[in-house]
Amino acid sequence: MHQLDTALNNKSGRWTQHDTQWVLSLFGTAVGAGILFLPINLGLSGFVPLLIMATLAFPMTFLAHRGFTRFVLSSSQKDADFTDVVAEHFGATAGQIISLLYFLSIFPILLIYGVGLTNTVDSFMVNQAGLESLPRPFLSGALVTGLIAVMIAGEKIILRTLSLMVYPLVAILLFLSVYLIPSWQAPELTMPSLSSLGSTLWLSTPVVIFSFSHLAALSSFAHAQRSHYDDSARVKSEHILQRTSIMLILFVMLFVFSCVLTLSPEQLAQAKEQNVSILSYLANVKDNPFIATLGPIVAFLAITSSFIGHFLGARESMVGMLTKSTSLSTPLAHKVTIISLFASIWVVAIVNPSILGMMEALSGPVIAMILFVMPMVAVYKVEALRRYRKDLSCIFVLLVGVVAVSALVFSLVKP
């Protein structure tokens, strides 16, 4: 028995290629449209709120994702996905409601990425390549078809694709962040009033949550760790999540600060009005071949890699709901899911709604319900999670979740 414990500890303590691949996959899932629009949102709010949100970003990201993964791993079933776990802990009816919320936390993100990818490619064609805009239905349809084709290829190819895309993504993101440093301008350090600061932080929370979220890949991630590490899955998962969060915060906040210190508030407002990512805007306004070339490339890589990760979560969730609530077989549910997701993403990409508006009103708060609120409620309701009840981080995560959800309520009732 002692030898078995030692073997498990050695297996969980040694860092492997499997772990690195998952760090890169989770990173790729998180680095998408949210991060490319985060400098616009936080930059418009002022520099002091940006500093505060940068300080809170790591605990918000790591603790929430750790809590959700603990929840998935608390199941007595070794091969349980998220829908199985909520049904086990909360009952069939509550499980269906939570599963629907889980799907709704991911689904709008796919819609956002459909819009973001179409706008990025269209902006590149017009502003950098000097070409005419293609008809939006044709362009968006071709892009969404290509992305979903990668998904159908299978999980191993998906993970390999994500890993391969993350390397150039990280390199270009870091290069652009450093390259912009000579263009930095001294920020205005005017301290806003407490009421104004509180309001800004409150309404910025959903976008920050959305921007660092890799929720969509966590159910598959937890299942993979349990299959690979068995009883050491929880410890190993937390190590992987911690490194992912550190990597995210360092790279993303450097990028955010670099963009905010390079552009004026007026330029950030223009980027929001044009409904393009910060990189597409930089490529359009900076007379610089590096930015003009690398900006759209990194935007394309970021949105594509994140789309793949979120499609995994949406597909798993929708298939689970269909097979549990209808008489559809699993293969037929897969086909219905693929067709439904393709059609909805394509239609919204053609309509071209405000990306930041969708993040603030839909994705951020709904993600907060599933990623922040639900796992912390489970800590105090589910016996399998009893050991975490004295952990103060649970209170912090729950409070952040409530703040984000209340921002959604405010946006719905304000005149």
Next on the checklist: According to side chain to side chain donor-acceptor pair (under 3.5 Å), who are the partners of S177, at least two apart in sequence or on a separate chain?
Outcome noted: none
Item to check | Residues in side chain to side chain donor-acceptor pair (under 3.5 Å) contact with S329, at least two apart in sequence or another chain | outcome: none
Item to check | Results of side chain to side chain contact (heavy atoms under 4.5 Å, CB included) for E383 - residues two or more places apart only | outcome: R386, R389
Checklist outcome for this item: For F68, the ring-ring contact (aromatic ring centres under 6.0 Å, His included) test, sequence neighbours excluded, returns F82
Next on the checklist: Holding to side chain to side chain donor-acceptor pair (under 3.5 Å), I want the full list of residues that pass it with R70, two or more places apart in sequence or in another chain.
Outcome noted: E238
Item to check | Partner residues of L261 under the side chain to side chain contact (heavy atoms under 4.5 Å, CB included) criterion, sequence neighbours left out | outcome: F47, W184, P187
Item to check | Side chain to side chain, V86 and I97, heavy atoms closer than 4.5 Å | outcome: no
Item to check | side chain to side chain contact (heavy atoms under 4.5 Å, CB included) against K381, all qualifying residues, sequence neighbours excluded | outcome: V377
Item to check | With F212 via ring-ring contact (aromatic ring centres under 6.0 Å, His included) - residues at least two apart | outcome: none
Next on the checklist: Please enumerate all residues that pass side chain to side chain contact (heavy atoms under 4.5 Å, CB included) together with P59, with sequence neighbours excluded.
Outcome noted: L63, F396
Checklist entry - Looking at residues at least two apart in the chain, or sitting in another chain, which of them share a side chain to side chain donor-acceptor pair (under 3.5 Å) with T93? => result none
Next on the checklist: Under the rule for ring-ring contact (aromatic ring centres under 6.0 Å, His included), what residues qualify as partners of H89, not counting sequence neighbours?
Outcome noted: F71
Listing, residues 138-146 side-chain donor-acceptor contacts under 3.5 Å, not counting sequence neighbours, or none:
unit_1: S140; atom_1: OG; unit_2: R136; atom_2: O; d: 2.7
unit_1: S140; atom_1: OG; unit_2: P137; atom_2: O; d: 3.3
unit_1: S140; atom_1: OG; unit_2: W346; atom_2: NE1; d: 3.2
unit_1: T145; atom_1: OG1; unit_2: G141; atom_2: O; d: 2.6

